[in-house]
Amino acid sequence: MTEVRSEAARLWNKMVKLHLYFRKRNKKWPTQAEFEKHFARKFSLHSQTVQALIGKFFANIETTRVNRANGDKKARYPYKEKTYFNPVWKGQHIKQELNYIVLPMGIDPKTRKRSLGISIRLPKDIPNGKIVQAELAFGKLLLTIQNIVEVKKPKVDNIAASDLGSIHLAVVTDGTNSLAVVGRGLRSINQGKAKVLAQISQLQSRCEKYSRRWKKLQATKRKILRKTQNQTANLLHKAANEIVKYCEEKEVSKLLVGDITEINRNKKKKASRRLNQEMGVLSLGVFVGYLKYKLAALGIELETFNESYTTKTCPACGHKHKPKGRQYHCPKCGFVGIRDEVGAINLLNKYLNNGTIKPQFLIPKGKLKYLRPVKLKGFAKRSSPTDTGQPSIHSLSAVG
Ligand SMILES: [Zn+2]
């Protein structure tokens with residue numbers, strides 16, 4: 001496996017060099033087909049693997065080109081010299097024999113002999129479907145499994161709106177019933193992580209860089225990062241499932257989400273403070289991604305919609321002010337509501353009224369069904385009885 005991964009890196013490095021050569025001399029960039037012709041039969045990899053890697057390289061080039069054209073001057077074309085690179089196998093070249101996956105190799109350009117393929121035993125609990133891609137990473141095999149599901153179209157045109165990531169992880173409403181998914185766990189994961197990482201950095205500052213002790217602490221850091229990443233992904237999946245369940249029960253055909261994730265990705269505006277409270281901007285994007293594909297499997301569309309003023313406007317009288325805390329109090333008409341529900345209801349209102357929030361059109365009932373997506377292990381559970389959402393540090397230092 002190491003040999004194959006280093007051979008893939010050899011191909012990648014050659015592609016990087018060749019492309020750089022053309023760019024530096026202001027020559028016409030070679031096409032993907034020209035690259036395929038040039039690199040064919042020169043590597044001890046399956047011809048389809050070579051093609052897949054060339055495809056990946058060109059996708060990379062294209063993304064950078066678009067980013068640079070859009071003004072991101074920091075975007076760089078591939079330049080790093082790799083020691084290892086993940087080789088990729090696609091479609092019908094992946095063979096399955098009993099519970100083994102066989103990844104074929106190509107003809108070695110030196111010995112002119114076909115190398116043996118790599119066979120790896122698959123786990124028993126592998127999801128149903130056809131393996132369409134296999135990527136050999138460091139110490140793990142990443143599989144893409146395709147499972148075609150028949151999508152049933154919702155009968156009625158039912159629209160729901162959601163407010164993501166301010167106080168609750170998400171509030172979703174169809175105008176009548178609202179559901180809140182509480183993301184308290186997410187905050188403790190992130191706070192716990194930040195605290196422990198800071199502690200480790202402090203310990204590291206007291207020892208010599210790259211010393212044995214320092215490396216051990218560095219490994220602990222990585223372990224914590226991996227653990228928190230898994231915990232976050234798990235929590236976001238569960239939360240997304242709850243929202244999908246709600247949409248299915250209420251026969252929703254379209255779910256609206258605010259466009260705040262897009263704004264932040266383009267970096268045109270400063271990341272808003274409300275996003276940083278519960279989750280990073282990054283996890284919010286990931287969360288929307290999970291929602292999108294999970295909803296798509298049921299034929300429910302996810303649409304982003306401009307959410308400006310949705311949390312500020314009073315749904316009863318239309319007065320605008322910035323709410324403080326969890327409640328929305330209207331200083332003009334005295335309306336009281338739950339802030340995130342107001343946000344979700346107003347987004348729906350705005351969408352149904354072509355971009356303006358119409359007063360009295362939809363009034364939040366103030367009755368939220370609360371759901372906590374997942375019981376936390378590790379961080380919150382082991383905290384002291386006087387838990388205030390602060391995670392325990394003891395549980396983590398045990399890792400190191
Ligand atoms: Zn009002």
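We're numbering straight along the sequence, starting at 1. We use all heavy atoms of the structure for the numbers below, so side chains are in, but hydrogens, waters and symmetry mates are not.
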Checklist entry - Is it the case that R23 places NZ or CZ above or below the six-membered ring of Y21, under 6.0 angstrom from the centre and within 45 degrees of the axis? => result no
Checklist entry - Which is it for E62 and R65 under the salt bridge (charged side-chain N to carboxylate O under 4.0 Å, His left out) test, yes or no, and what are the steps along the way? => result CA-CA 5 Å; E62 183 57 21; R65 198 188 60 75; 2.8 Å; yes
Checklist entry - Going through the distances and angles, do H237 and F287 end up as a ring pair (Phe, Tyr, Trp, His ring centres under 6.0 Å)? => result CA-CA 8 Å; H237 269 297; F287 187 55; 9.6 Å; no
Checklist entry - Are V252 and L371 connected in a single hydrophobic cluster, I mean Ile/Leu/Val/Met/Phe/Trp/Tyr linked by side-chain heavy atoms less than 4.5 Å apart? => result yes
Next on the checklist: Using a 3.5 Å distance criterion without hydrogens, assess whether the side chain of N353 forms a donor-acceptor pair with backbone atoms of N349.
Outcome noted: yes
Next on the checklist: Looking at every non-hydrogen atom in both residues, tell me the closest pair between V171 and A180 and how far apart they are.
Outcome noted: CG2-CB, 4.0 Å
Next on the checklist: Given the ring of F22, does K28 sit roughly above its face, with NZ or CZ under 6.0 Å from the centre of the six-membered ring and within 45° of the axis?
Outcome noted: no
Checklist entry - Regarding T144 and K90, is there a side-chain donor-to-acceptor distance under 3.5 Å anywhere? => result no
Checklist entry - In the single-linkage hydrophobic clustering (I, L, V, M, F, W, Y; side-chain heavy atoms under 4.5 Å), do L348 and I357 co-cluster? => result no
Checklist entry - Is there a path from V4 to L142 through hydrophobic residues (I, L, V, M, F, W, Y) whose side chains come within less than 4.5 Å of each other? => result no
Checklist outcome for this item: Which of L368, D163, L164 passes side-chain contact (heavy atoms from CB on, under 4.5 Å) with D340? It is D163
Checklist outcome for this item: On a heavy-atom basis, the closest approach of A134 and L141 is CB-CD1, 4.3 Å
Checklist outcome for this item: The reported gap from NZ in K193 to CD in Q229 (rounded to nearest 0.5 angstrom) is 7.0 Å
Item to check | Residue pair I300 / K254: nearest heavy atoms and the distance that separates them | outcome: CG2-N, 4.0 Å
Checklist entry - What is the minimum heavy-atom distance between K42 and H38, and which atoms define it? => result NZ-O, 2.6 Å
Checklist entry - Under 3.5 Å, is there a donor-acceptor pair linking the side chains of E251 and N158? => result no
Checklist entry - Taking the side chain as C-beta and beyond, is there a heavy-atom pair between I61 and Y77 under 4.5 Å? => result yes
Next on the checklist: If I compare all heavy atoms of E307 with all of D259, which pair ends up nearest, and what's the gap?
Outcome noted: N-OD1, 3.3 Å
Next on the checklist: Set out, in order, the CA-CA distance, both residues' side-chain angles and the distance that settles side-chain contact (heavy atoms from CB on, under 4.5 Å) for L103 and I101, then state yes or no.
Outcome noted: CA-CA 7 Å; L103 306 169; I101 182 174; 4.1 Å; yes
Checklist entry - F43 vs F39 aromatic rings, parallel, tilted or perpendicular, using cut-offs 30° and 60°? => result tilted
Item to check | Close aromatic pair by centroid cut-off 6.0 Å: F335 and H319 | outcome: no
Checklist entry - Got a second to check how far E303's CD is from L256's CG, nearest 0.5 Å? => result 6.0 Å
Checklist entry - Less than 6.0 Å separating the ring centroids of F35 and W29? => result no
Item to check | Stepwise salt bridge (charged side-chain N to carboxylate O under 4.0 Å, His left out) check, E7 with R10 | outcome: CA-CA 5 Å; E7 185 71 354; R10 197 167 73 86; 3.1 Å; yes
Item to check | Common cluster, I94/I126, ILVMFWY with side-chain heavy-atom separation under 4.5 Å | outcome: yes
Item to check | Closest non-hydrogen atom pair, V102 against E97 | outcome: CG2-OE1, 3.9 Å
Next on the checklist: The test is side-chain hydrogen bond (donor to acceptor under 3.5 Å, both in side chains); show your working for N306 and K350 and say whether it passes.
Outcome noted: CA-CA 9 Å; N306 182 291; K350 202 177 166 185; 2.9 Å; yes
Next on the checklist: Could you check whether Y84 and F138 have their ring centres less than 6.0 Å apart?
Outcome noted: no
Checklist entry - So H19 and F58, would you call those rings parallel, tilted or perpendicular, with 30° and 60° as cut-offs? => result perpendicular
Checklist entry - Are side-chain heavy atoms of R5 and L136 found at a separation under 4.5 Å? => result yes
Next on the checklist: Could you walk me through whether N241 and K294 satisfy the side-chain hydrogen bond (donor to acceptor under 3.5 Å, both in side chains) test, starting with their C-alpha distance in whole Å, then the side-chain angles of each, then the deciding distance to 0.1 Å, before giving a yes or no?
Outcome noted: CA-CA 8 Å; N241 289 345; K294 283 172 200 273; 3.0 Å; yes
